[in-house]
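So the structure is just underneath, and the comments pick up after that.
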There are 2 protein chains.
Amino acid sequence: MQEELSRNIKKILPLSGNALELFISKFKPLSLKKSEHFIRQNQIHSKIGFILKGAMICYYLKDGGEFVEDFSFESEFVSDYFSILNNIPAQKNIRCIEDTDLAVIDYKDILELYGKNSIAERVGRIIAEGLFMRWQQKHKSFLLEDAMMRYQKLSDKNPELIQRVPQYLLASYLHVQPETLSRIRRKIALG
Amino acid sequence: MQEELSRNIKKILPLSGNALELFISKFKPLSLKKSEHFIRQNQIHSKIGFILKGAMICYYLKDGGEFVEDFSFESEFVSDYFSILNNIPAQKNIRCIEDTDLAVIDYKDILELYGKNSIAERVGRIIAEGLFMRWQQKHKSFLLEDAMMRYQKLSDKNPELIQRVPQYLLASYLHVQPETLSRIRRKIALG
DNA sequence: ATATTTCATTGACATAGGTCAATAAAAATA
DNA sequence: TATTTTTATTGACCTATGTCAATGAAATAT
């Protein structure tokens, strides 16, 4: 697993040599079946997963309903980073929507790395900056675009996702009802 | 200005001694009148302001309309950090809604600091983590709460803001029309 | 101080999206 | 493969919120 992990991590983080090896060595493999949870709301945890193969969703539970916040696929990290940083129980759920292989690291190992290796601190900053940008853009799209525009942009930018994800979850992610997404799709299909 | 700035920065960033002084020394004062812009969409820039006194809004222009993303007050930073990090022209506008005194630093000075001072990198990480958390929570509230709930939580958490900001801008921030916010307020007042 | 402009409120009405129910299609399971 | 469960589509209807217009209040400028 470590070789595959190393190869994939190198692609997305500016790490090499000693720092990379030290980082990689802390990961442990974890395989989950479709519909199994990696993290559940209210659970204490500090784990961060890296997806080697598979697909997952992050969602909030509210009034018995699921509100999808995000999808994650190969070579992406999954965690409730907010709750880890604040040292509080998970605020959200992370569940597999396909059989999934993960490499899992504990946040305390990352904190240790921050102490040991000066490059780690910089990588931590760059990751956090990336997360900030991603979430700001997400908020921007909710502020400026309606559901149809969000759907069209998503299917332009990430057509695979549309295929890979059930439509009722995609609807939740776009913040409309499944019926509404179905009507949006029909409207687009007709032109 | 530097003394006042130093006092305020100390409150919000884990900086002291040399690192603090070095950081503070790079700021330049700037005073803007109500309705003047600090940053305009499409403009090239790399400045970050720290509000000493006053109030500002960040907003996007789309189809001639203003979409308010955020308000900022004393002891808060304002910038289009996204465009700075990506080295692209500003994506948004930042304008004073009161006469405002700023201390302004250029991002290149911060980059320099990252090289010189190991603590700076950590502060940069912590700031970015804070930004990530803030924007993720903002997105979460749009996903889980309606405009009335968002208004109520905001006025509980930040009653001063409600007083200080014109209602039509607050409406835009909550992503409803001014008429709708007016009706939300009436509904709440009646119970 | 007065005039002018901007902002907040309210009503009437239109419309997008939500809800509920039925059916069809697809996927999972036996 | 057959059966059952889950998901997608469609129609009818309802409710939220947007739009437009009028009025009054507040802020700003002269």
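A note on names: the letters A, B, ... follow the listed sequences, proteins ahead of strands, and every chain is numbered from 1.
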Given atom [atom1] of [X] and atom [atom2] of [N], what is their separation to the nearest angstrom?
{"X": "I97(B)", "N": "dT28(D)", "atom1": "CD1", "atom2": "P", "result": "12 Å"}
{"X": "K187(A)", "N": "dT10(D)", "atom1": "NZ", "atom2": "P", "result": "14 Å"}
{"X": "M148(B)", "N": "dA16(D)", "atom1": "CE", "atom2": "P", "result": "10 Å"}
{"X": "E179(B)", "N": "dA22(D)", "atom1": "CD", "atom2": "C1'", "result": "12 Å"}
{"X": "L170(A)", "N": "dT7(D)", "atom1": "CG", "atom2": "P", "result": "14 Å"}

Does anything in residues 154-167 of chain A reach DNA chain C, meaning a heavy atom under 4.0 Å, and if so which residues?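 Nucleic-acid contacts, sorted: none.
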Output every pair passing side chain to side chain donor-acceptor pair (under 3.5 Å) with a member in residues 156-165 of chain B, not counting sequence neighbours, ordered by first then second residue.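 Matches after skipping sequence neighbours: E74(B)-R164(B), E98(B)-R164(B), E160(B)-R164(B).
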With rounding to the nearest 0.5 angstrom, report the [atom1] to [atom2] distance, [X] to [Y].
{"X": "L111(A)", "Y": "D106(A)", "atom1": "CG", "atom2": "CG", "result": "9.0 Å"}
{"X": "I105(A)", "Y": "S46(A)", "atom1": "CD1", "atom2": "OG", "result": "10.5 Å"}
{"X": "L144(B)", "Y": "H139(B)", "atom1": "CG", "atom2": "NE2", "result": "9.5 Å"}
{"X": "Y60(A)", "Y": "E66(A)", "atom1": "OH", "atom2": "CD", "result": "14.0 Å"}

Report the end-to-end axis angle of the helix from dA1(C)-dT30(D) to dA14(C)-dT17(D); each axis comes from five terminal pairs, and the value is rounded to 10°.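 Comparing the first five pairs with the last five, the axes sit 20° apart.
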In the hydrophobic cluster built from side-chain contacts under 4.5 Å, what are the other members alongside L170(A)?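 I57(A), Y59(A), L61(A), V68(A), F71(A), F73(A), I97(A), M148(A), Y151(A), L154(A), L161(A), I162(A), V165(A), Y168(A), L169(A), Y173(A), L174(A), V176(A), L181(A), I184(A), I188(A), listed by chain and number.
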Would you work out how much the helix from dA16(C)-dT15(D) to dA30(C)-dT1(D) bends between its ends, with each end axis defined by five base pairs, to 10 degrees?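 Roughly 30°, once rounded to the nearest ten degrees.
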So which nucleotide from [options] ends up closest to the side chain of [X]?
{"X": "K34(B)", "options": "dT28(D), dT9(D), dT19(D)", "answer": "dT28(D)"}
{"X": "R183(A)", "options": "dA12(D), dT9(D), dT19(D)", "answer": "dA12(D)"}
{"X": "R186(A)", "options": "dG11(D), dT19(D), dT17(D)", "answer": "dG11(D)"}

Start with the C-alpha distance between S83(A) and H45(A), add both sets of side-chain angles, then the distance that settles side-chain hydrogen bond (donor to acceptor under 3.5 Å, both in side chains), and finish with yes or no. CA-CA 9 Å; S83(A) 69; H45(A) 72 101; 2.9 Å; yes
Any idea how Y81(B) and F132(A) line up, ring-wise: parallel (<30°), tilted (30 to 60°), or perpendicular (>60°)?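 Because their plane-to-plane angle lies in the 30° to 60° range, the rings of Y81(B) and F132(A) count as tilted.
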For D146(A) and for Y168(B), find the nucleotide of DNA chain C with the closest heavy atom, then tell me which residue's nucleotide is more 5'.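 Closest to the 5' end, via its nearest nucleotide, is Y168(B).
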Reading DNA chain C 5' to 3', which nucleotide is the first, and which the last, to come under 4.0 Å of any heavy atom in chain A?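 Contacts span dG17(C) to dA28(C), reading 5' to 3'.
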Is there a donor-acceptor pair under 3.5 Å between the side chain of K10(B) and the backbone N or O of L20(B)?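 Not confirmed, K10(B) side chain does not pair with L20(B) backbone.
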Flag, side chain of H175(B) to backbone of L143(A), donor-acceptor distance under 3.5 Å: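 Pair found, side chain donor or acceptor close to backbone of L143(A).
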L181(A) or H175(B): which one's nearest nucleotide on DNA chain D is closer to the 5' end?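 The residue mapped nearer the 5' terminus is L181(A).
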Does atom CE of M1(A) have more than 12 heavy-atom neighbours from other groups under 6.0 Å away?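 More than 12 within 6.0 Å, yes.
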Would you say L30(A) ends up clustered with F27(A) if hydrophobic residues are merged whenever their side chains have heavy atoms under 4.5 Å apart, either directly or through other cluster members?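 As far as the 4.5 Å side-chain criterion goes, L30(A) and F27(A) are not connected within one cluster.
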Where does dA27(C) land, syn or anti, once you apply the within-90°-of-0 test for syn?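 Chi for dA27(C) falls in the anti range.
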Has S182(A) got a side-chain N or O lying under 4.0 Å from the OP1 or OP2 atom of dT9(D)?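 The answer is yes; a side-chain N or O of S182(A) sits under 4.0 Å from OP1 or OP2.
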Indicate yes or no: does R134(A) engage D70(A) in a salt bridge with an N to O separation below 4.0 Å.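 Here R134(A) pairs with D70(A) in a salt bridge, since their nearest N and O are under 4.0 Å apart.
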Basic-acidic side-chain contact under 4.0 Å: E129(A), R125(A):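 Yes, E129(A) and R125(A) are salt-bridged.
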